[in-house]
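Worksheet for the structure shown next.
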Amino acid sequence: MKKNLIYPLLIVIASSSYGILSTIVKVAMQHGFTTGEAVSSQYIIGFMLVATIFIVTQRQLPKLSKKGLLILVCAGILTGTTGIVYGESLKYLPASLAVVMLFQFTWIGLLIDCALHKRLPSRTEVISIIVLFAGTILAAGVLNVDLSGIAIQGWLLGFAAAFTFACFIQFNSRHVEGITTTSRVLIVSFVALIIISIFLNPEVLWNGKLFTGGLWKFGLALGLFGIILPIYLFSIAVPKVGGALASILSAIELPVAVTVSVIVLHEPLTLLQIAGIILVILGMMLPTILSQRRQKDKSLEPNSK
């Protein structure tokens with residue numbers, strides 16, 4: 001595998017792990033747990049796992065500049081906030097529409113990246129976003145959803161979740177000097193746990209549900225796929241590929257979410273959803289494919305003279 005394809009692949013893997021979370025939460029709910037309990041277990045056990053890795057491998061946090069610490073704290077706040085706001089949006093929006101609203105992070109992330117770097121979106125990026133948007137609507141099955149009567153709170157919360165997730169990707173694209181990936185994930189997950197604790201009240205720690213009630217099994221899966229794997233891989237790969245491409249590649253989360261729900265929960269899958277999944281994958285791959293082609297053409301130019 002070419003080295004310059006490794007980092008985009010890591011982002012795809014990280015985003016795919018996010019796509020598994022909704023199914024795990026639904027299975028936890030089938031076992032009698034609430035959404036808040038499942039999300040709390042994710043951040044509690046996720047932090048415990050990161051802390052264990054940190055103690056075994058490092059044991060000492062590096063000294064950070066104020067700017068570096070601010071970047072990590074903001075990433076942690078945005079991680080926790082996205083989970084909370086998205087969960088709240090589900091109280092007002094159908095699940096399919098909530099997914100569509102969340103996936104507005106693709107174009108929001110692109111616009112943020114363009115604003116930060118004082119540039120206009122490239123033609124490839126614009127085409128990718130259009131294809132992704134069309135694919136998202138089809139894959140989520142939103143064409144069959146009745147939009148009348150949906151409260152304004154749902155639209156606002158859904159958009160807020162997209163915005164916070166787009167900002168999270170941007171903060172993860174910032175390089176922090178003098179810190180290892182494990183230390184970075186430790187700080188981000190700790191801050192996210194604090195945010196979750198403030199708003200969700202993690203009473204599962206003392207009411208016995210987490211460790212004696214069986215919630216730990218779902219917390220372990222959610223911690224692995226919602227904290228360890230994605231934050232580690234995002235921390236490694238996003239600084240290498242940039243926030244704009246990372247936002248586009250992260251769209252793989254939707255096809256994975258739909259596919260896993262079909263396999264595990266036996267949810268129906270229509271031809272329109274299959275077409276949408278294909279469009280999302282094509283839109284996601286387009287920037288990388290064209291970039292590879294341009295690099296190949298440039299490498300051949302000296303030989304063609």
Side-chain angles (χ1 to χ4, degrees), residues 7-19 21 64-86 89 101-122 124-126 128-129 132-133 136 156-179 181 183-192 194-196 226-227 229-254 283-284 286-288 291:
Y7 297 113
L9 179 60
L10 292 181
I11 293 176
V12 169
I13 295 172
S15 302
S16 297
S17 68
Y18 275 136
L21 299 183
L64 293 173
S65 64
K66 290 182 180 180
K67 180 181 178 181
L69 182 60
L70 179 62
I71 290 173
L72 299 182
V73 169
C74 288
I77 291 173
L78 292 167
T79 301
T81 302
T82 300
I84 294 169
V85 176
Y86 181 66
S89 72
M101 291 302 297
L102 176 64
F103 270 75
Q104 304 312 302
F105 78 82
T106 51
W107 64 265
I108 294 173
L110 175 60
L111 291 182
I112 292 174
D113 187 82
C114 290
L116 291 175
H117 295 90
K118 297 179 181 179
R119 67 179 182 89
L120 293 175
S122 67
T124 300
E125 291 172 336
V126 172
S128 294
I129 292 298
L132 285 173
F133 185 75
T136 299
L156 294 176
L157 288 168
F159 186 80
F163 180 76
T164 55
F165 189 63
C167 292
F168 162 75
I169 293 176
Q170 289 297 323
F171 273 99
N172 262 295
S173 68
R174 301 297 181 90
H175 177 70
V176 178
E177 289 289 342
I179 189 171
T181 302
S183 297
R184 181 170 186 148
V185 177
L186 180 71
I187 296 172
V188 171
S189 61
F190 177 68
V191 175
I194 292 175
I195 298 299
I196 290 292
I227 301 293
L229 193 59
I231 299 182
Y232 258 100
L233 296 184
F234 272 131
S235 298
I236 294 170
V238 176
K240 300 292 184 179
V241 304
L245 180 57
S247 296
I248 292 173
L249 292 173
S250 295
I252 191 64
E253 180 183 340
L254 177 58
M284 178 196 72
L286 186 61
T288 302
S291 175

Short side-chain to backbone donor-acceptor contact, E177 and G68, under 3.5 Å: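 Side chain of E177 to backbone of G68: no pair is present.
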Would you confirm whether T164, through its side chain, and A161, through its main-chain N or O, come within 3.5 Å as a donor-acceptor pair? yes
Is there side-chain contact between S15 and L249, with heavy atoms separated by less than 4.5 Å? no
Could you measure the distance from the [atom1] atom of [X] to the [atom2] atom of [Y]? Nearest 0.5 Å is fine.
X: I248; Y: M284; atom1: CD1; atom2: CE; value: 10.5 Å
X: I169; Y: L110; atom1: CD1; atom2: CG; value: 11.5 Å
X: T106; Y: I129; atom1: OG1; atom2: CD1; value: 4.0 Å
X: I77; Y: L70; atom1: CD1; atom2: CG; value: 8.5 Å
X: F168; Y: F234; atom1: CZ; atom2: CZ; value: 6.0 Å
X: D113; Y: Q170; atom1: CG; atom2: CD; value: 5.0 Å

Between V185 and S235, does a side-chain contact (heavy atoms from CB on, under 4.5 Å) hold up when you go through it step by step? CA-CA 8 Å; V185 177; S235 298; 4.2 Å; yes
Considering residues, nucleotides and ligands other than Y18, do more than 12 of their heavy atoms fall under 6.0 Å from its OH? yes
OH of Y232: more than 12 outside heavy atoms within 6.0 angstrom?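 Result for OH/Y232: enclosed.
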Of all heavy-atom pairs between [X] and [Y], which one has the smallest distance, and what is that distance?
X: G80; Y: I195; answer: C-CG2, 4.1 Å
X: S89; Y: L157; answer: CB-CB, 3.7 Å
X: I71; Y: F171; answer: CG2-O, 3.6 Å
X: A75; Y: T79; answer: O-OG1, 2.7 Å
X: S250; Y: A246; answer: OG-O, 2.7 Å
X: M101; Y: A162; answer: O-CB, 3.2 Å

The criterion is side-chain contact (heavy atoms from CB on, under 4.5 Å); which residues satisfy it with [X], sequence neighbours excluded?
X: L69; value: L64, V73
X: L111; value: W107
X: K66; value: none

side-chain contact (heavy atoms from CB on, under 4.5 Å) between I11 and L233, intermediate numbers included: CA-CA 7 Å; I11 293 176; L233 296 184; over 6 Å; no
For L102 and E253, what are the C-alpha separation, side-chain angles and deciding distance, and is it a side-chain contact (heavy atoms from CB on, under 4.5 Å)? CA-CA 11 Å; L102 176 64; E253 180 183 340; 4.2 Å; yes
F163 and Q104: side-chain contact (heavy atoms from CB on, under 4.5 Å), yes or no, with the steps? CA-CA 8 Å; F163 180 76; Q104 304 312 302; over 6 Å; no
